[in-house]
Protein chains: 2
Amino acid sequence: MIGIDDVAASLGVSTATVSRALRGLPGVSEETRARVTTAAAALGYVPSSAARGLATGRTMAMGVLVPAINRWYFSAVLDGVDRRLRAAGYDLIVFSLGGSGANRERVFHRSILRKRIDALLVMCMHLTEEERLALQELEYPSISVGGALEGVRHVGIDDARAAADAVEYLISLGHTRIAHMRGGGSFDIDFEVPRLREQAFRRTMQLHGLAVREEWSAFGDFRFTTARVAALTLLADPTDRPTAVFCSSDEMAFGVLRAAAELGIDVPGELSVIGIDDHEFAEPMGLTTIRQDPEDQGAFAADLLLGELTRGAAADYPPSRPHALVERASTGRIGS
Amino acid sequence: MIGIDDVAASLGVSTATVSRALRGLPGVSEETRARVTTAAAALGYVPSSAARGLATGRTMAMGVLVPAINRWYFSAVLDGVDRRLRAAGYDLIVFSLGGSGANRERVFHRSILRKRIDALLVMCMHLTEEERLALQELEYPSISVGGALEGVRHVGIDDARAAADAVEYLISLGHTRIAHMRGGGSFDIDFEVPRLREQAFRRTMQLHGLAVREEWSAFGDFRFTTARVAALTLLADPTDRPTAVFCSSDEMAFGVLRAAAELGIDVPGELSVIGIDDHEFAEPMGLTTIRQDPEDQGAFAADLLLGELTRGAAADYPPSRPHALVERASTGRIGS
DNA sequence: ATGAAAGCGCTAACAC
DNA sequence: GTGTTAGCGCTTTCAT
């Protein structure tokens with residue numbers, strides 16, 4: 001392992017000069033800087049991040065806490081975060097808490113709190129009271145994405161508004177028999193988002209004087225498979241079934257679409273389906289949906305954190321990220 | 001920031017004792033250990049990973065280099081890796097190289113080579129010659145997952161065999177007019193895997209005396225959208241179209257399925273479709289496919305690396321991870 | 001513009 | 001069983 005003093009020795013200068021030269025600090029003649037740069041490259045010198053971290057107190061790494069990596073929303077946010085971090089020269093440390101209750105403690109104490117990262121982004125995690133408090137006492141900046149966390153800044157869409165927009169769109173098409181395919185419930189995953197959307201669904205229905213039938217509030221767990229099964233039941237009776245389904249995620253909407261196809265129900269002729277997300281498959285599937293942009297959300301949150309790290313103070317920002325209705329072929333006017 | 005000597009001072013013992021006690025090393029009386037543990041917890045002491053890293057030369061972190069995070073295969077492998085890493089007390093640092101050519105250099109030099117990680121896992125990345133050589137000269141263990149890399153150990157399925165199995169299955173059903181929906185081509189992503197599968201397709205066809213029509217080797221880029229568009233062309237002519245499509249990924253198979261539905265082609269009556277992956281959506285979609293298990297592959301590779309880190313030497317392991325045909329409703333005997 | 005030297009917070013010999 | 005001390009490889013005053 002070749003270190004900074006090897007470079008210094010090879011040139012007959014001090015380590016301080018090498019350090020300054022390589023980091024572009026002033027106080028080094030251009031000639032010296034050039035020589036140092038060349039020598040460092042020639043020797044294949046690469047500074048040790050541990051040593052630098054110890055000396056500066058900064059790790060140049062940011063942590064992201066997620067319930068799982070392989071879900072559409074989470075991985076998309078991660079991509080957005082990563083893009084920004086890389087540009088800023090930061091590394092991305094991912095803590096996935098998928099199910100394993102036993103390891104949570106470890107993650108929290110060993111990594112989150114351990115000065116291994118300069119900032120933390122928490123994504124849609126359901127934390128225990130104790131964990132939440134630990135977060136708030138962190139000495140580095142933190143933020144939550146996708147699901148709000150009490151006492152922590154938040155980046156995400158206005159879930160209530162987004163859900164209401166979806167339901168109102170269905171109503172504007174003349175639908176009155178509207179079902180909701182709900183998400184949430186899975187271990188560790190935040191339950192604020194599904195709750196907000198469910199509430200908004202009910203409130204919007206109520207606002208328009210429409211009845212909410214309890215058996216039409218189906219549980220799809222944000223997933224294709226679960227939603228398909230639930231929809232198979234929901235849509236089973238041709239004489240008494242909803243004419244529209246509002247799905248709290250696109251994946252669930254795909255499940256409903258699939259179930260409809262299996263049951264020979266024409267979409268959008270006999271059934272309208274709307275989702276939330278604008279998943280990669282939504283456009284080719286012709287799914288009407290409320291678009292959100294997780295990559296943008298991740299990038300935005302990362303920027304906020306990075307800004308705070310550099311500029312010192314936390315910046316102000318709008319309360320929510322945008323969402324928008326995208327009309328496609330899965331919804332239609334009632335009776336057309 | 002409370003450090004090890006604060007704990008030591010609070011107890012009137014030496015830092016060495018605290019260090020030993022907290023790490024469970026021998027040479028500490030159980031009584032002392034208990035007192036230290038208590039005091040550390042009370043003070044909220046958390047060791048600095050930078051300091052420990054500097055002193056031990058180990059970072060307790062593993063790096064994973066991926067072309068992108070938000071693709072089914074990549075994120076699933078990541079989840080598998082993460083699970084094992086967490087159990088071993090290691091952190092996961094993700095380097096996503098999504099498109100940004102400018103940042104590759106940075107990633108390589110700043111992070112990969114910078115003693116920030118104890119081991120590296122490279123996933124399906126297409127590396128330049130120079131990068132490959134840099135990898136091989138790394139002083140820590142490395143491995144590739146999903147796409148082989150010259151000079152680096154590899155974990156993944158036998159792609160040629162998997163593709164051949166899929167094609168042979170179609171042939172066993174009586175199909176002779178078989179098309180291939182190919183993957184690959186995207187920036188940065190490994191092109192070995194798509195090539196192996198394409199070759200296997202052609203060889204298997206040939207082996208059975210079947211003709212490969214060039215216009216029936218369509219490019220789907222491993223994605224739903226691209227594959228759907230390609231399939232719309234591929235299947236356009238009712239008088240001259242394939243009776244079966246072998247898709248190099250499930251996502252592309254979904255695209256073909258979608259195109260078939262749009263064109264009013266009955267599956268499996270008029271068209272059989274088979275994929276590779278066993279994507280989460282494959283079962284609910286009734287897609288016949290060759291299953292592989294990316295989580296297992298990630299976990300397996302992580303274990304290999306971790307084992308090497310602890311036991312010192314590299315372990316032997318079978319040349320490929322398993323794959324298996326899963327028969328579902330998207331394939332059928334010709335003319336039935 | 002450059003150098004000397006004192007840490008950063010821990011681990012690991014080596015003493016006792 | 002426990003303490004002392006010398007690093008680990010950088011950054012950062014403070015001199016010059």
Side-chain angles (χ1 to χ4, degrees), chain A residues 1-37 39-40 43-61 89 109-111 113-118 139-140, chain B residues 1-37 39-40 43-61 89 109-111 113-118 139-140:
Chain A
M1 197 62 212
I2 150 140
I4 197 172
D5 16 50
D6 296 309
V7 180
S10 86
L11 253 39
V13 299
S14 71
T15 62
T17 300
V18 175
S19 176
R20 286 191 276 251
L22 257 23
R23 285 180 304 146
L25 296 185
V28 184
S29 73
E30 278 316 313
E31 194 231 315
T32 309
R33 195 186 301 279
R35 286 173 55 220
V36 170
T37 312
L43 293 172
Y45 166 69
V46 172
S48 143
S49 50
R52 177 173 290 177
L54 226 206
T56 60
R58 297 193 133 216
T59 64
M60 292 305 276
H109 288 75
R110 197 176 45 74
S111 304
L113 308 173
R114 198 154 169 175
K115 266 225 109 357
R116 196 189 188 86
I117 53 181
D118 293 335
E139 50 212 354
Y140 51 70
Chain B
M1 197 62 213
I2 151 143
I4 198 172
D5 16 49
D6 296 310
V7 180
S10 85
L11 254 39
V13 300
S14 73
T15 62
T17 300
V18 175
S19 176
R20 285 191 277 251
L22 257 24
R23 285 181 302 148
L25 294 186
V28 185
S29 74
E30 277 317 312
E31 194 231 314
T32 310
R33 194 186 301 280
R35 286 173 56 222
V36 170
T37 312
L43 293 172
Y45 166 68
V46 172
S48 144
S49 52
R52 178 172 291 178
L54 226 207
T56 60
R58 297 194 134 213
T59 64
M60 293 304 277
H109 288 74
R110 197 176 45 73
S111 304
L113 309 173
R114 200 156 169 175
K115 266 223 110 357
R116 195 188 189 90
I117 53 181
D118 293 335
E139 50 212 356
Y140 50 70

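To find a chain, count down the sequence lines: A is the first, B the second, and so on, and within it residues start at 1. Just so it is clear, the values below take in all heavy atoms, side chains as well, and ignore hydrogens, waters and symmetry mates.
Atom CD in E30(B) sits about 10 Å away from atom P in dT2(D), given to the nearest Å. We find that CZ of R52(A) is positioned 11 Å from C1' of dG9(D), with the value rounded to whole Å. Look at CG on D5(B): it is 11 Å from P on dT11(C), rounded to the nearest Å. Rounding to whole angstrom units, CE of residue M60(A) and P of dC8(C) are separated by 22 Å. Note: CD1 (I4(B)) to C1' (dT4(D)) measures 14 Å, nearest angstrom. For the pair L25(A) CG and dG3(C) C1', the computed distance is 16 Å after rounding to whole Å. Protein atom CZ of R35(A) is 15 Å distant from nucleotide atom P of dA1(C), rounded to whole Å. Between the CZ atom of R58(B) and the C1' atom of dG9(C) there is a distance of 20 Å, given to the nearest Å.
Nearest-nucleotide assignment on DNA chain D puts the 5′-proximal partner with S29(B), out of S29(B) and T56(A).
Looking at heavy-atom distances under 4.0 Å, G27(A) makes contact with a base.
Residues A61(B) and R116(A) approach most closely at CB-NH2, 3.0 Å, considering heavy atoms.
Checked against dT5(D), dT2(D), dC8(D), the side chain of T15(B) finds its nearest nucleotide in dT5(D). Considering only side-chain atoms of V13(A), the nucleotide from dG3(C), dT4(D), dT11(D) that sits closest is dG3(C). In this structure, the nucleotide among dC10(D), dT11(D), dG3(D) sitting nearest to the side chain of S19(A) is dT11(D). Between dA12(C), dC10(D), dA4(C), one nucleotide has an atom nearer to the side chain of A16(A) than all others, and that is dA4(C).
Here S48(A) does not reach the OP1 or OP2 of dG9(D): none of its side-chain N or O atoms lies under 4.0 Å away. Residue R23(A) places at least one side-chain N or O closer than 4.0 Å to OP1 or OP2 of dT11(D). Look at T17(B) and you won't find any side-chain N or O under 4.0 angstrom from OP1 or OP2 of dG1(D).
Between the side chains of D5(B) and T15(B), not a single donor N or O lies within less than 3.5 Å of an accepting N or O.
Side-chain N or O atoms of T59(B) include none that pairs as donor or acceptor with a backbone N or O of G53(B) at under 3.5 Å. Within the 3.5 Å criterion, the main-chain N or O of R58(A) finds no donor-acceptor partner in the side chain of R52(A).
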Exercise. List the steps and the verdict of side chain to side chain contact (heavy atoms under 4.5 Å, CB included) for T17(B) and R20(B).
Key: CA-CA 5 Å; T17(B) 300; R20(B) 285 191 277 251; 4.2 Å; yes

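For dG1(D), its base never sits under 3.5 Å from the side chain of R33(B) at any donor and acceptor pair.
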